[in-house]
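Here is the structure we will look at.
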Amino acid sequence: MENYNVFDCSIIEFDRHHSDRKGNLTVVENGTTLPFDVKRVYYIYDIPGGESRGAHAHKELEQLIVAASGSFTVTLDDGKCKRSFLLNHPYQGLYVKPGMWRDLADFSSGAVAMVLASEVYQKEDYIRDYNEFLNYKNNRI
Ligand code: T46
């Protein structure tokens, strides 16, 4: 697995199928609109004001994080550089490469974070200690 940095992560903008009268529809499809195939979808919601989520990294997992409703900020950290992304449109998603420490914060009231993941849930793929994360990144150079 390559040692990615925060500049390998970016916002992907999806098409909007727009109808003046009936609203919008956005499609995310394996093999066309995403750089990975989706094996799992989960969503985070009912986040109390001032709370944050994340505070961990993944060794192999690729993800797309979408503000399905409301807004929040995702800060990615590759051990050397940090980048923050405001997610506030359901037709955009943040593509997160493996090996990124992530923090999700500043959730608006009613925000829903929908996450599309390249793998099923695997506890062993998580690094939840920041010093361990830094060692992991430094040993990959
Ligand atoms: C990530 C951010 C954006 C499961 O049982 N299955 C799952 O697929 C997931 C994602 C979680 N869980 C359990 C594990 C914990 O007992 O749900 C509980 C909360 O998980 P966690 O503390 O990891 O939640 P977040 O919001 O801090 O992190 C999650 C994802 O775990 C993580 O991959 O990138 O959302």
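Side chains included, hydrogens not; waters and symmetry mates left out as well; all remaining heavy atoms used. Atoms within each ligand, like the ligands themselves, are counted from 1 in listed order.
Between Ile65 and ligand 1, a contact under 3.5 Å exists for no N or O pair.
In the model, Glu62 has no side-chain atom that pairs as donor or acceptor with a side-chain atom of Tyr4 under 3.5 Å. Of the N and O atoms on the side chains of Asn5 and Lys80, not one donor lies less than 3.5 Å from an acceptor on the other residue. Asp8 and Tyr95 are not linked by any side-chain donor-acceptor pair at a separation below 3.5 angstrom, with hydrogens and angles left out of the test.
In Tyr43, the OH atom is not crowded: 12 or fewer heavy atoms of neighbouring residues, nucleotides or ligands sit closer than 6.0 Å.
Close contacts between ligand 1 and Gly54 involve ligand atoms 25 (P), 27 (O) [criterion: under 4.0 Å to a heavy atom]. Taking every non-hydrogen atom of Ile44 and a distance limit under 4.0 Å, the qualifying atoms of ligand 1 come out as 26 (O), 35 (O). In summary, the atoms of ligand 1 found under 4.0 Å from a heavy atom of Gln63, numbered by their order in the structure, are 1 (C), 33 (O), 34 (O). Under a 4.0 Å criterion applied to the non-hydrogen atoms of Arg102, ligand 1 contributes the atoms 1 (C), 34 (O).
Tyr136 has its ring centre no less than 6.0 Å from the ring centre of Phe133. The ring of Phe85 has its center no closer than 6.0 angstrom to the ring center of Phe72.
Among protein heavy atoms, atom 33 (O) of ligand 1 sits closest to His58 NE2, 2.6 Å. Of all protein heavy atoms, the one closest to atom 26 (O) of ligand 1 is Arg53 NE, 2.8 Å. At the top of the distance list for atom 8 (O) of ligand 1, counting protein heavy atoms only, stands Arg40 NH1, 2.5 Å. For atom 23 (O) of ligand 1, the closest non-hydrogen atom of the protein is Arg128 NH2, 2.8 Å. The nearest heavy-atom contact from the protein to atom 28 (O) of ligand 1 is His56 CE1, 3.1 Å.
At a heavy-atom cutoff of 4.0 Å, ligand 1 is contacted by no atom of Val96, backbone or side chain. Counting heavy atoms under 4.0 Å from ligand 1, residue Gln122 does not touch it at all.
Checking Tyr121, Tyr42, Tyr43, Tyr126 against atom 7 (C) of ligand 1, the nearest heavy atom belongs to Tyr121.
In this structure, atom 15 (C) of ligand 1 has its sub-4.0 angstrom surroundings free of protein heavy atoms.
A distance of 8.0 Å separates CG of Leu104 from CG of Leu87, quoted to the nearest 0.5 Å. Atom CG of Asp106 sits about 8.0 Å away from atom OG1 of Thr75, to the nearest 0.5 Å.
Between Val115 and Leu64 there is no side-chain heavy-atom pair separated by less than 4.5 Å.
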